[in-house]
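Single-structure report; data block below.
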2 protein chains.
Amino acid sequence: MRRRRGADGKSTIKDVARAAKVAVGTVSRVVNAHPSVDPATRQRVERVIARLGYEPNAIAQSMRTRVTRTVGFVVPDISNPNWAWILGAASRILQPRGYTVVVASTGGERALELDVLGVFARRRPDALILALDSGDDGVLARALRQLRMPIVMMERELPGPWDAVMTDHAGGAYTATRHLLGLGHRRIALITASERVRPGAQRVQGYTRAFADEQLPVEPDLLRCGSFDPDFAFRETSSLLSRRDPPTAIVAGGIQLLAGVLRAAGLHGAAIPSALSVVSCGDTDLAQLASPPVTVARWDVKAIGVAAAEAVLRRLRGAASAAPARVVLESELVVRESCAPPCARRPGRCQARIQSP
Amino acid sequence: MRRRRGADGKSTIKDVARAAKVAVGTVSRVVNAHPSVDPATRQRVERVIARLGYEPNAIAQSMRTRVTRTVGFVVPDISNPNWAWILGAASRILQPRGYTVVVASTGGERALELDVLGVFARRRPDALILALDSGDDGVLARALRQLRMPIVMMERELPGPWDAVMTDHAGGAYTATRHLLGLGHRRIALITASERVRPGAQRVQGYTRAFADEQLPVEPDLLRCGSFDPDFAFRETSSLLSRRDPPTAIVAGGIQLLAGVLRAAGLHGAAIPSALSVVSCGDTDLAQLASPPVTVARWDVKAIGVAAAEAVLRRLRGAASAAPARVVLESELVVRESCAPPCARRPGRCQARIQSP
DNA sequence: CACCGGGATGGAAACGTTTCCATTGACAAC
DNA sequence: GTTGTCAATGGAAACGTTTCCATCCCGGTG
């Protein structure tokens with residue numbers, strides 16, 4: 001074997017330079033398509049590169065240029081289809097531009113969030129896309145500022161000079177609640193994430209506003225804020241349906257929650273929509289294919305990922321110090337067959353049912 | 001401002017050394033918990049580190065140590081819940097061990113797969129976890145070998161010295177098909193991925209074996225191999241149900257395919273299970289909550305991610321040159337209510353229906 | 001008292017690039 | 001023929017670490 005190699009068996013720019021009888025600087029210029037290199041030299045170097053299977057070491061490049069062509073993506077749980085869709089959409093934009101996406105999950109726990117920020121402080125990605133759960137006491141904001149890189153927040157608002165892309169979840173919950181109020185429901189439950197995170201807070205706000213519009217009081221026990229876990233929705237639905245005066249309608253305030261609601265409703269024998277009306281925030285196969293199909297407040301999930309990736313790219317090509325941008329995506333109500341006027345008599349015994357054609 | 005900083009505003013090991021009046025080597029020893037450093041010195045250095053908010057530059061560390069503490073994760077589509085679950089499971093193991101996961105999607109396209117391998121040749125992760133779609137003509141295998149890093153294949157088999165973790169999809173399809181054959185079905189369709197990828201090929205094989213066991217012939221037109229896209233399942237189901245002699249049962253050979261099958265069946269007015277029996281490979285909320293609930297061949301999706309991550313860790317701590325390991329996870333049939341004996345008369349007009357209690 | 005062993009530390013090389021600066025020719029303009 | 005310009009190239013510094021080697025000093029031992 002006549003070619004030298006690094007310890008890991010890959011040839012370096014020096015090996016190429018030696019074999020092509022040029023200086024390393026020249027090889028670098030060839031690799032980076034610098035204009036001032038003689039065509040003959042270029043060809044000779046390129047041949048050697050091909051022969052040796054030389055690949056520039058991105059680590060060394062980053063070391064020198066202080067650019068990693070890497071974007072960090074931080075969410076509570078990457079298994080969650082919501083975040084997976086967003087990641088997919090973002091990476092579909094970033095990857096063709098030469099950026100590589102580095103993921104990290106936080107489980108929504110503050111300690112892990114800080115850990116992850118530490119990791120990214122050391123790894124130096126060019127930008128960060130994140131959805132943080134723990135509220136801000138200043139520590140988080142300081143850590144973010146220390147990062148000194150473009151940051152885009154998803155579905156969250158934190159005071160600071162950061163771009164943000166989010167959905168109008170308040171609007172979604174508002175429309176959903178109005179829809180139910182319009183049908184005559186009064187005991188409407190809302191199951192959603194903790195009020196500490198924006199989607200939860202926003203949905204409570206939309207729900208409350210809908211009641212306020214009708215001058216109706218909100219019953220606090222019908223507000224079940226906790227998590228986006230379907231099991232949470234299952235437990236809360238069970239608990240709600242066990243009340244002496246169970247709600248006549250439930251708003252499932254999160255993409256994954258509908259499954260829990262449906263499971264519990266099935267177990268309690270609450271027929272939909274005759275005994276219980278259901279609206280889901282977030283459209284899914286399940287909502288479309290359940291029987292009856294479920295009315296939803298839907299929005300374009302992937303658009304969050306697209307907008308986040310575009311915001312990152314905008315910052316990365318120059319607009320580093322522009323004022324923080326804020327994108328809010330709308331939510332739209334899709335009426336299907338899971339809602340009906342409330343049953344006048346004891347809920348659960350009501351048999352009137354709206355049948356689809 | 002009296003502390004020097006790098007161009008990106010972060011302090012370096014030199015800044016710390018200067019401020020603590022020690023050599024950079026000593027700071028390095030403090031950071032890496034090297035035993036031979038005087039407690040007093042250590043404390044002094046640590047104080048300076050805290051004061052300056054110094055974070056070691058991972059790029060420089062990697063440059064020097066040739067270790068990135070990074071694992072590449074390559075799949076056809078990271079939006080796909082299947083891969084998202086696997087990624088989540090893997091990262092839940094890797095992240096606490098200090099490894100960061102770098103993702104890339106290939107769209108199942110060969111050109112992109114080669115691109116992605118090129119990216120990882122340059123970025124030098126410590127290991128790779130991947131699901132490649134394009135068959136091997138030797139080019140791919142050579143590219144992988146050139147990478148000179150531990151590689152774990154998911155749900156794929158490629159000849160070479162690589163660990164592999166996969167599911168016994170043949171077994172799943174076999175059990176599903178036997179279940180339907182046992183109920184008396186003969187015209188059973190299988191919709192699944194292209195035979196070029198392992199899960200598709202395996203399911204065809206399991207299906208075929210089930211027919212062979214009963215000495216029954218397989219009708220080729222009932223085998224619809226193409227993709228894991230629900231729209232594909234929708235089109236194929238529509239096409240199948242439009243036949244003069246439509247199948248009396250369908251096996252949906254992929255986690256995402258059930259939605260397409262159900263949608264098409266609904267549109268064609270094919271009642272389940274009276275007119276059409278359905279089995280899905282892969283359990284989901286939809287399968288559990290559809291009415292009727294769908295019989296499935298299920299396996300532990302996350303286990304693939306866990307096994308892959310563990311295989312990576314095993315290689316990374318020493319067992320670099322052990323013989324390639326091969327893990328096969330079993331599949332199990334869960335009988336629900338989507339299957340019934342086939343209707344004797346013209347399918348689609350059959351009204352007999354098995355009702356669950 | 002000379003010597004030795006060893007812990008603590010400083011100094012410098014090396015990792016693989018990019019980029020600045022200097023040098024060399026070639027060629028045009030005077 | 002001298003001078004100036006410009007393209008092509010070589011050489012070396014620098015990026016921020018880790019780690020090897022040498023040095024220093026301390027205390028114990030013979």
Side-chain angles (χ1 to χ4, degrees), chain A residues 3-46 48-49 52-69 121-124 126 148, chain B residues 3-46 48-49 52-69 121-124 126 148:
Chain A
R3 54 227 222 194
R4 278 280 187 60
R5 290 154 169 292
D8 57 356
K10 308 261 312 179
S11 22
T12 75
I13 201 171
K14 274 187 200 161
D15 301 325
V16 176
R18 196 177 314 123
K21 301 196 194 312
V22 294
V24 293
T26 302
V27 178
S28 175
R29 281 182 284 258
V30 169
V31 169
N32 297 306
H34 188 287
S36 100
V37 32
D38 188 87
T41 314
R42 175 183 307 281
Q43 201 186 39
R44 184 154 42 100
V45 172
E46 274 167 349
V48 173
I49 287 178
L52 297 191
Y54 165 71
E55 298 271 5
N57 182 324
I59 313 278
Q61 291 179 311
S62 297
M63 170 93 189
R64 179 56 225 233
T65 61
R66 303 158 155 286
V67 164
T68 56
R69 293 196 78 80
R122 270 167 274 131
R123 290 196 184 276
R124 320 277 160 105
D126 295 342
R148 294 162 184 284
Chain B
R3 55 229 224 194
R4 278 280 188 62
R5 291 157 168 288
D8 55 357
K10 308 265 308 181
S11 23
T12 73
I13 200 171
K14 274 187 201 162
D15 301 324
V16 176
R18 195 176 318 122
K21 301 196 194 312
V22 294
V24 293
T26 303
V27 179
S28 175
R29 280 182 284 257
V30 169
V31 170
N32 297 307
H34 189 287
S36 97
V37 32
D38 188 89
T41 313
R42 174 183 309 281
Q43 202 186 36
R44 184 153 42 97
V45 172
E46 273 166 351
V48 173
I49 287 178
L52 298 190
Y54 165 72
E55 297 272 5
N57 181 325
I59 313 277
Q61 291 179 311
S62 296
M63 170 95 190
R64 178 58 224 231
T65 60
R66 303 158 155 287
V67 165
T68 57
R69 295 197 78 81
R122 270 167 275 132
R123 291 197 183 275
R124 321 273 161 108
D126 294 342
R148 293 162 183 284

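Throughout, protein chains are lettered first and strands after them, A, B, ... in sequence-line order, and every chain is numbered starting at 1. This one's a predicted model, so the numbers in the text were calculated from it and none came from an experiment.
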B:Ser28 side chain to B:Val24 main-chain N or O, any donor-acceptor pair under 3.5 Å?
no
Are any protein N/O atoms closer than 3.5 Å to N/O atoms in nucleotides 13-15 of chain C? If there are, list each pair with its distance.
residue : atom : partner : partner atom : Å
C:dA14  : N3   : B:Arg64 : NH1          : 3.1
C:dC15  : O3'  : B:Arg66 : NH2          : 3.1

Please report, rounded to the nearest Å, how far the [atom2] atom of [N] is from the [atom1] atom of [X].
| X | N | atom1 | atom2 | answer |
| --- | --- | --- | --- | --- |
| A:Glu55 | C:dT17 | CD | C1' | 15 Å |
| B:Asn32 | D:dT17 | CG | P | 11 Å |
| B:Asp15 | D:dG16 | CG | P | 8 Å |
| A:Ile13 | D:dA12 | CD1 | P | 16 Å |

Closest heavy-atom pair and its distance - B:Arg124, A:Asn57
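That would be NH1-ND2, 3.5 Å.
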Quick one: closest heavy-atom pair of B:Ala23 and B:Ala17, and the distance?
C-CB, 3.9 Å
Proximity to the side chain of B:Asp38 - top-ranked nucleotide from C:dT17, D:dT17, C:dA8
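The listed nucleotide nearest to B:Asp38's side chain is C:dA8.
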Residue A:Ser36, side-chain heavy atoms: nucleotide from C:dG7, D:dA8, C:dG10 that is nearest
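Nearest to the side-chain atoms of A:Ser36, counting from C-beta on, is D:dA8.
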For the helix from C:dC1-D:dG30 to C:dC30-D:dG1, what is the angle between the axes at its two ends, each from 5 pairs, rounded to 10°?
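The angle, to the nearest 10 degrees, is 60°.
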Here's a test of your reading of the structure: between B:Asn57 and B:Arg29, which maps to the more 5' nucleotide of DNA chain D?
B:Asn57
Using a cut-off of 4.0 Å on non-hydrogen atoms, how would the nucleic acid contact of [X] be classed: base, sugar-phosphate, or nothing?
| X | answer |
| --- | --- |
| A:Val22 | sugar-phosphate |
| A:Ser28 | base |
| A:Thr41 | sugar-phosphate |

Toward the 5' end of DNA chain C, by each residue's nearest nucleotide, B:Ala23 or B:Arg124
B:Ala23
Option among A:Val45, A:Val31, A:Asp15 that satisfies the side chain to side chain contact (heavy atoms under 4.5 Å, CB included) test with A:Tyr54
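When A:Val45, A:Val31, A:Asp15 are each tested with A:Tyr54, the side chain to side chain contact (heavy atoms under 4.5 Å, CB included) holds only for A:Val31.
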Does the side chain of A:Gln61 get closer than 4.0 angstrom to OP1 or OP2 of C:dG16 through an N or O atom?
no
